[in-house]
Amino acid sequence: MRMRARIATLLVVLGLALPALAMNLNEAMGALSGAKARGQLGEMPNGYIGVVSAGDQAEEIARLINQARRAEYQRLARENGIKLGDVEAIAGQKALEKTPRGQYIQLNGKWIRK
């Protein structure tokens, strides 16, 4: 019985702690440039962020940024009467061009340091 109580307490504590560990979009945006500079994240030709090497919440940063980008791309496509894929391709090309030297971009499916 004591073991069940301990497990139940642990589950409650973990359940309360998880929301505090979750990252929000503003935090992801603030962490993006550092993650790119460390070589964890890079720009892809499809207009989204990709994980070059995992760590320091790289996956979560990419997920949140990509979610926001997709919503914006969908809005732009709808407002301009063009396909989502076209907006993604244009955004991807611009992102690749704007990426500073030393950071990663994806070309032909491979990560390269620009």
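For reference, positions follow the sequence shown, starting with 1. Below, each value reflects all heavy atoms present in this structure, side chains not excepted, and no hydrogens, waters or symmetry copies.
- Hydrophobic clustering (ILVMFWY, side-chain heavy atoms < 4.5 Å, transitive): Leu107 and Tyr104 are in distinct clusters.
- In summary, Glu97 and Lys94 do not engage in a salt bridge, as defined by a charged side-chain N under 4.0 Å from a carboxylate O.
- Considering every non-hydrogen atom in both Ala58 and Ser53, the closest pair reads CB-O, 4.1 Å.
- In this structure, CG in Asn24 is found 9.5 Å from CD in Glu60, a value given to the nearest 0.5 Å.
- With Ile49 as reference, Arg69 is the one residue of Met44, Arg69, Gln40 to meet the side-chain contact (heavy atoms from CB on, under 4.5 Å) rule.
- Taking CG from Leu76 and CG from Asp86, the interatomic distance works out to 12.5 Å, rounded to the nearest 0.5 Å.
- Here the options are Leu41, Leu64, Val51, the test is side-chain contact (heavy atoms from CB on, under 4.5 Å), and the partner is Glu59; only Val51 passes.
- Rounded to the nearest 0.5 angstrom, Asn46 CG and Asn66 CG are separated by 8.0 Å.
- Of all the heavy atoms in Ile61 and Ala28, the pair that sits closest is CG2-O, 3.7 Å.
- Ion pairing between Lys98 and Glu43 fails under the 4.0 Å rule for side-chain N and carboxylate O.
- Taken from CG in Leu32 to CD in Glu27, the straight-line distance is 13.5 Å, to the nearest 0.5 Å.
- In this structure, CD in Gln67 is found 11.0 Å from OH in Tyr48, a value given to the nearest 0.5 Å.
- In the displayed structure, Lys114 atom NZ is contacted under 6.0 Å by more than 12 heavy atoms of other residues, nucleotides or ligands.
- Across every non-hydrogen atom of Gly42 and Val52, the tightest pair is N-CG2, 3.7 Å.
- For the atom pair Tyr73 OH and Ile82 CD1, the distance stands at 12.0 Å (nearest 0.5 Å).
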